[in-house]
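See below for the structure under consideration.
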Amino acid sequence: MSEFQEQIYRHTTASATRSWRERRGRYLLEGTRCKKCGAIHFPRRTVCSTCNSRELEPCRHPATGVILEANICWQATGVHFGYGENIPRISTVIQLDDGVCVLAEVTETPVEQIVPGARVEMVLRKLHREGNSTWMYGYKFVVVS
Amino acid sequence: MSEFKHKVAIVGIGSTARPGNIHPTKTWKDLVADAAYEAIEDAKGMSPRDIDGAVIAYHGEGVNEQGGIGGSVADLLGIAPAPVFPHCMNCAGGAVALNTGWDMVASGKYKRVLVMGFDKEGDNINYTENINISFDTEYDYVFGFRHRDGFELMSNYYMQHYGYTDYKAYGAHSWQCHWYGRRNPKATTYGKPMPARESLEHPGSCYSIMGEGCAAAVLVPAEDARLYTDKPVYLDGIALATTSHYIAHRIGEPPMGPAFPAGLVREETYGQSVALIAAARKAYEMARITAKDIDLAQVYDLCAGAFWQVEDLGIAEFGKGAQFFIDGGAAVDGRCPINTYGGNIAYGHASGADGLNQVVENVIQLRGDAGERQVKDAKCAVASCVGSAYAHLTVAVLTNGKFQRGEEV
């Protein structure tokens, strides 16, 4: 049995197929690079947002970066994917070392260290159960000194 | 606006009271019918069967657990077989519906268009969860993020970027909304005691009161307006700009590509909503106004959003929006009254209705019917609404018969 609470009925239980499809993005921070103009994207794109080219190739972004902005929310606002009723809810925008920005949770770090400018490194963590009860994993970040 | 066939006027408005409350005895259909029929009755001499086209907005099908509502709405209102176009554009939906309504009338294809926006979240099992599926879910929702996280991150960024170290501006802005809400009989906070200003100087004072409701407006070609009202209000400009839903794109990496608005230095727009600047430019150009012409404005007030919205609308300089509220600029006798209906903070926030509630208030103000909260001599009013965390941005410019354009000879 998991240490997470049982999930209540959700209208929006995600299918395992759906999370499987995005596994490389979630596990490896894999986005896309435009073969035509060189722009890099995360999350992966289907059309280049800079030059509209459809010739994109997978691009693995670095697993290290810096916190651009952070928010610590002490209010429990119901059941959320990945968070459950755990507080605080920590949301950050992280700029990876190649410049792309990622919305991510910072975990296993004292809240006073979760501030703009802090160096972070990606870790893989368990998120929540999928529709067929398998566990979904994905990136979170920890502050490194 | 010679390139359009018709100038567009708003001749009827309606809205359900207390959109910050759940209305357990009413279905979404009751709420829609209440507002729609109020709007039709407000256009004197108009009957429901006169409506030859309609638009309806709601937050998203996931939120209301009700899909494909076009036919149901036509049947509900007794206007079938008139077309009803549904929109799901989050909180901006009502204003997007107005945009479509404008297109329908301006093109000459329709003569009397009913525009509606509503939300009925209380019927929903697990609303909190469902509201979050109405953004680009693969990389935010599945990680446990909400729209609100986006607003909070952007607000933190704004405050730090422009050097605001306390929450005085939140207090001033929230208090001002409450002041207006106590003077608007339809507001959720109407009749409630006023909070002390000091008690609002914290980041939690600028949140919406979420609830249910509907707002509606009737649009006709300007030349027909006098048939239905003595005080027509003209929808001179309206624009919708869109951008990525992904919250990390808001900070550091505006994904506007080559369409980045001309004349703006990218670094100077950090802390701003670039898409809102684009929408405002378009709407002002269409209405042939400048920011100086604006007598009052309604903005989407969640967290610090109102601060950079008054900046993007040109009412304050970049970085001076928070100070604008501290200085009392948003008061009824201030430099440019903001959120005179009470805003999401005190009026209440029924997501799909929101963009139209702003416009309904602007019509009331431009008609001179706002009572205690009336802005003196109001001639030009602007409304800006936000869908998701700044993915859909609308700006609507309304004027009344007294408005005169500076550059006109």
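Labels below follow one simple rule: chain letters A, B, ... track the order of the sequence lines, proteins then strands, and each chain is numbered from 1. Values below: all heavy atoms of this structure, side chains included; hydrogens, waters and symmetry mates excluded.
In this structure the side chain of B/His249 never reaches within 4.5 angstrom of the side chain of A/Cys101, judged on heavy atoms. In this structure, A/Val115 and B/Gln160 have side chains that are not in contact, with every pair of non-hydrogen atoms separated by 4.5 Å or more. Contact check for B/Phe143 versus A/Lys140: no side-chain heavy atoms found under the 4.5 Å cut-off. Taking 4.5 Å as the limit, some side-chain heavy atom of A/Cys73 sits within range of a side-chain heavy atom of B/Arg148.
Counting heavy atoms of neighbouring residues, nucleotides and ligands inside a 6.0 Å radius, atom NZ of A/Lys36 does not exceed 12 of them. The local environment of CZ in A/Arg60 is sparse, with at most 12 non-hydrogen atoms from other residues, nucleotides or ligands closer than 6.0 Å. When the shell of 6.0 Å around CZ of A/Arg54 is examined, it contains 12 or fewer heavy atoms from other residues, nucleotides or ligands.
Put simply, OG1 on A/Thr92 and CG on B/Asp149 are 10.5 Å apart, with the number rounded to the nearest 0.5 Å. Of the inter-residue distances, the one linking B/Tyr157 atom OH with A/Asn71 atom CG reads 15.5 Å to the nearest 0.5 angstrom. Rounded to the nearest 0.5 Å, atoms CD1 (A/Ile72) and CG (B/Asn156) are 9.0 Å apart.
Of all non-hydrogen atoms in B/Tyr246 and A/Val102, the two that sit nearest each other are OH-CA, 3.5 Å. Of all heavy-atom pairs between B/Tyr139 and A/Gly25, the closest is OH-CA, 3.3 Å. Here the closest heavy-atom approach between residue B/Leu153 and residue A/Glu69 is recorded as O-CG, 3.3 Å. Contact between A/Ser91 and B/Phe145 at its shortest, heavy atoms only, is CB-CE2, 3.3 Å.
A distance-only check finds no donor-acceptor pair linking the side chain of B/Asp140 to the backbone of A/Leu103 [under 3.5 Å].
B/Glu138 has no carboxylate O lying under 4.0 Å from a charged side-chain N of A/Arg26, or vice versa, which leaves the two without a salt bridge.
Judged as a salt bridge (Lys or Arg N to Asp or Glu O under 4.0 Å), not a single pair has a partner in residues 154-166 of chain B (not counting sequence neighbours).
Contacts of A/Ala39 with chain B are absent, with no heavy-atom separation under 4.5 Å from either backbone or side chain.
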